[in-house]
> 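Please see the structure below; I have some questions.
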Amino acid sequence: MSISHAPPNPPSADISGTSGSGHPGKGTFPGLQPVVPASARRARVPRWLRRTTGPLLLLALWQLLSATGVLTPDVLASPGRIAQVGWDLVSDGSLPSAMATSLRRVALGLLFGTVTGTGLALFAGLFRIGEDLVDAPVQMLRTVPFVGLIPLFIIWFGIGEAPKTAIITLGVTFPLYLNVYAGIRGVDTQLIEAGESLGLSRWGLVRHVVLPGALPGALTGLRYSLGIAWLALVFAEQVNADSGIGFLMVQARDFLRTDVIVVCLIVYAFLGLLADFIVRSLERLLLQWRPTFTGR
């Protein structure tokens, strides 16, 4: 009778690189090392600090050039002088009053332009007859510089608030129209077919498929429109205005006050940045369903 001798079982090895007894074993698998992205191994700098570094460096360079006399006050006032003038304008109430007037004009123009641009885009994007009737005239009108229409607006509406609101409305309408129209026509046809196969009606398709698909383009158009609204406001408030930030700039130009002009420009930039921040917050709120690349 023969007795078979089975080879002894090799010592078990785990992924931690130790033998069954808990001590490093010879011939065992090496321990797994966690893979850390290169971006995570770099020293992390707070994002707010990175975003403010550029403006702070520019401000320091500006102050240095002013202190050394490279920039004279009649060419460009120093940052310290501008800060003092801004405080004076806030203290006497002239800057808050001008800001309120300009914000009211932008709000009215943005409201009318949003309604007009979105309505035309929906009509042209959802219906072929709407595209035939609306798209060609809009494409022709958007190539006309809205600033060149100021004389006509003055003749039509006078020199009050109406031409200023009309200029802003015209500037807002076309970017919003183009982006909303492109967003509607950019919806994937397979999504439309899927909605039809699920039994959605025409209005159901528009509500649940087309409009959500066009929303990213609409918000992008709104951001463009806000930027153009502030640009149009600058031109609008040069037209026989007796209030607003543009009126302060005209007065400062007549008296060669570069400090007041720069204060007004900073206010324009701040208000535009605030408006863009609001729209970007809306994007994060309304487009949570859309994963996007946020940079590394």
> Do you know which two heavy atoms are closest between Pro163 and Gly158, and how far apart they sit?
CG-O, 3.2 Å

> Are the side chains of Leu271 and Ile245 in touch, meaning some heavy atoms are under 4.5 Å apart?
yes

> If every non-hydrogen atom of Tyr224 is compared with every non-hydrogen atom of Asn179, which pair is closest and at what distance?
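Reported closest heavy-atom pair: CD1-ND2, 4.3 Å.
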
> Does Phe270 belong to the same Ile/Leu/Val/Met/Phe/Trp/Tyr cluster as Trp230, with side-chain heavy atoms less than 4.5 Å apart forming each link?
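Yes, same cluster.
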
> On a heavy-atom basis, which atom in Gly213 and which in Pro216 lie closest, and how many Å separate them?
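The answer is O-CD, 3.5 Å.
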
> Indicate yes or no for a side-chain donor-acceptor contact from Thr173 to the backbone of Thr116 under 3.5 Å, with no hydrogens or angles considered.
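Answer holds: no.
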
> Under 3.5 Å, is there a donor-acceptor pair between the side chain of Ser94 and the main chain of Val90?
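Checking the backbone N and O of Val90 against the side chain of Ser94, no donor-acceptor pair under 3.5 Å is found.
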
> For residues Phe127 and Val210: do they belong to one hydrophobic cluster (side chain heavy atoms under 4.5 Å, members Ile, Leu, Val, Met, Phe, Trp, Tyr)?
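Yes, same cluster.
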
> Would you mind reporting whether Leu57 and Thr53 have side-chain heavy atoms less than 4.5 Å apart?
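They are in contact (side-chain heavy atoms under 4.5 Å apart), so the answer is yes.
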
> Should Tyr268 and Met99 count as side-chain neighbours, where that means a heavy-atom distance under 4.5 Å?
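No. Closest side-chain heavy atoms not under 4.5 Å.
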
> How far does SG of Cys264 sit from CD of Gln251, to the nearest 0.5 angstrom?
9.5 Å

> CD1 of Ile129: more than 12 outside heavy atoms within 6.0 angstrom?
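Open.
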
> Of all the heavy-atom pairs spanning Val172 and Ala229, show the shortest one and how long it is.
CG2-CB, 3.8 Å

> Quick one: does Val263's side chain get under 4.5 Å of Leu89's, heavy atoms only?
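The answer is yes, as the side chains (C-beta and beyond) meet within the 4.5 Å cut-off.
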
> Considering only distance and modelled atom types, tabulate donor-acceptor pairs under 3.5 Å from the side chains of residues 106-115, sequence neighbours left out.
{"residue": "Thr114", "atom": "OG1", "partner": "Leu110", "partner atom": "O", "Å": "2.6"}

> Hydrophobic clustering (ILVMFWY, side-chain heavy atoms < 4.5 Å, transitive) - are Trp203 and Val209 grouped together?
yes

> Please name the pair of heavy atoms, one in Gly183 and one in Ala214, separated by the smallest distance, quoted to 0.1 Å.
C-CB, 3.6 Å

> Flag yes if Phe174 and Leu152 sit in one hydrophobic cluster, no otherwise; membership is Ile, Leu, Val, Met, Phe, Trp, Tyr, and two members link when side-chain heavy atoms are under 4.5 Å apart.
yes

> Would you give the length of the straight line joining atom OG of Ser91 to atom CD of Gln84, rounded to the nearest 0.5 angstrom?
8.5 Å

> Indicate the ring-plane relationship of Tyr177 and Tyr181, choosing parallel, tilted or perpendicular according to the 30° and 60° boundaries.
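Correct class here is parallel.
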
> Please step through side chain to side chain contact (heavy atoms under 4.5 Å, CB included) for the pair Ile168 and Ile228, ending with a clear verdict.
CA-CA 8 Å; Ile168 300 172; Ile228 295 179; over 6 Å; no

> Please report the C-alpha distance between Ile167 and Ile150 in whole Å, then the side-chain angles of each, then the deciding distance to 0.1 Å, and finally whether the side chain to side chain contact (heavy atoms under 4.5 Å, CB included) criterion is met.
CA-CA 7 Å; Ile167 293 170; Ile150 292 177; 3.4 Å; yes

> Would you check, one step at a time, whether the test side chain to side chain contact (heavy atoms under 4.5 Å, CB included) holds for Thr143 with Gln139?
CA-CA 7 Å; Thr143 60; Gln139 296 298 336; over 6 Å; no

> Measuring from Ile82:CD1 to Ile261:CD1, what's the distance to the nearest 0.5 Å?
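Reported to 0.5 Å precision, the distance equals 10.5 Å.
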
> Under 3.5 Å, is there a donor-acceptor pair between the side chain of Trp62 and the main chain of Ala77?
yes

> Is any side-chain heavy atom of Ser243 closer than 4.5 Å to a side-chain heavy atom of Ser97?
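A side-chain contact is absent here, since even the closest heavy-atom pair is not under 4.5 Å.
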
> For the pair Arg185 (side chain) and Gly125 (backbone), establish whether a donor and an acceptor sit closer than 3.5 Å, ignoring hydrogens and angles.
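Between the backbone of Gly125 and the side chain of Arg185 there is a qualifying donor-acceptor contact (under 3.5 Å).
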
> Give the minimum heavy-atom separation between Ser197 and Ala194, together with the two atoms involved.
OG-O, 2.6 Å

> Do Val206 and Leu198 land in one hydrophobic cluster if side-chain heavy atoms of ILVMFWY residues count as linked below 4.5 Å?
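Different hydrophobic clusters.
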
> Would you indicate whether Phe157, at its atom CZ, is surrounded by more than 12 heavy atoms from other residues, nucleotides or ligands within a distance under 6.0 Å?
yes

> Should Val260 and Phe255 count as side-chain neighbours, where that means a heavy-atom distance under 4.5 Å?
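Val260 does not reach Phe255 side chain to side chain.
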
> Find the distance between CG (Leu71) and CD (Gln63) and round it off to the nearest 0.5 Å.
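So the CG of Leu71 and the CD of Gln63 are separated by 10.5 Å.
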
> Can Glu237 and Ser102 be counted as having a side-chain donor-acceptor contact under 3.5 angstrom?
yes

> Run Leu226 and Asp276 through side chain to side chain contact (heavy atoms under 4.5 Å, CB included) and show every step you take.
CA-CA 7 Å; Leu226 278 170; Asp276 186 73; 6.0 Å; no

> To the nearest 0.5 angstrom, please state how far the CZ atom of Arg280 sits from the CG atom of Leu273.
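If I round to the nearest 0.5 Å, the distance is 9.0 Å.
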
> Report the distance from atom CZ of Arg142 to atom CG of Leu178, rounding to the nearest 0.5 Å.
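Reported to 0.5 Å precision, the distance equals 5.0 Å.
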
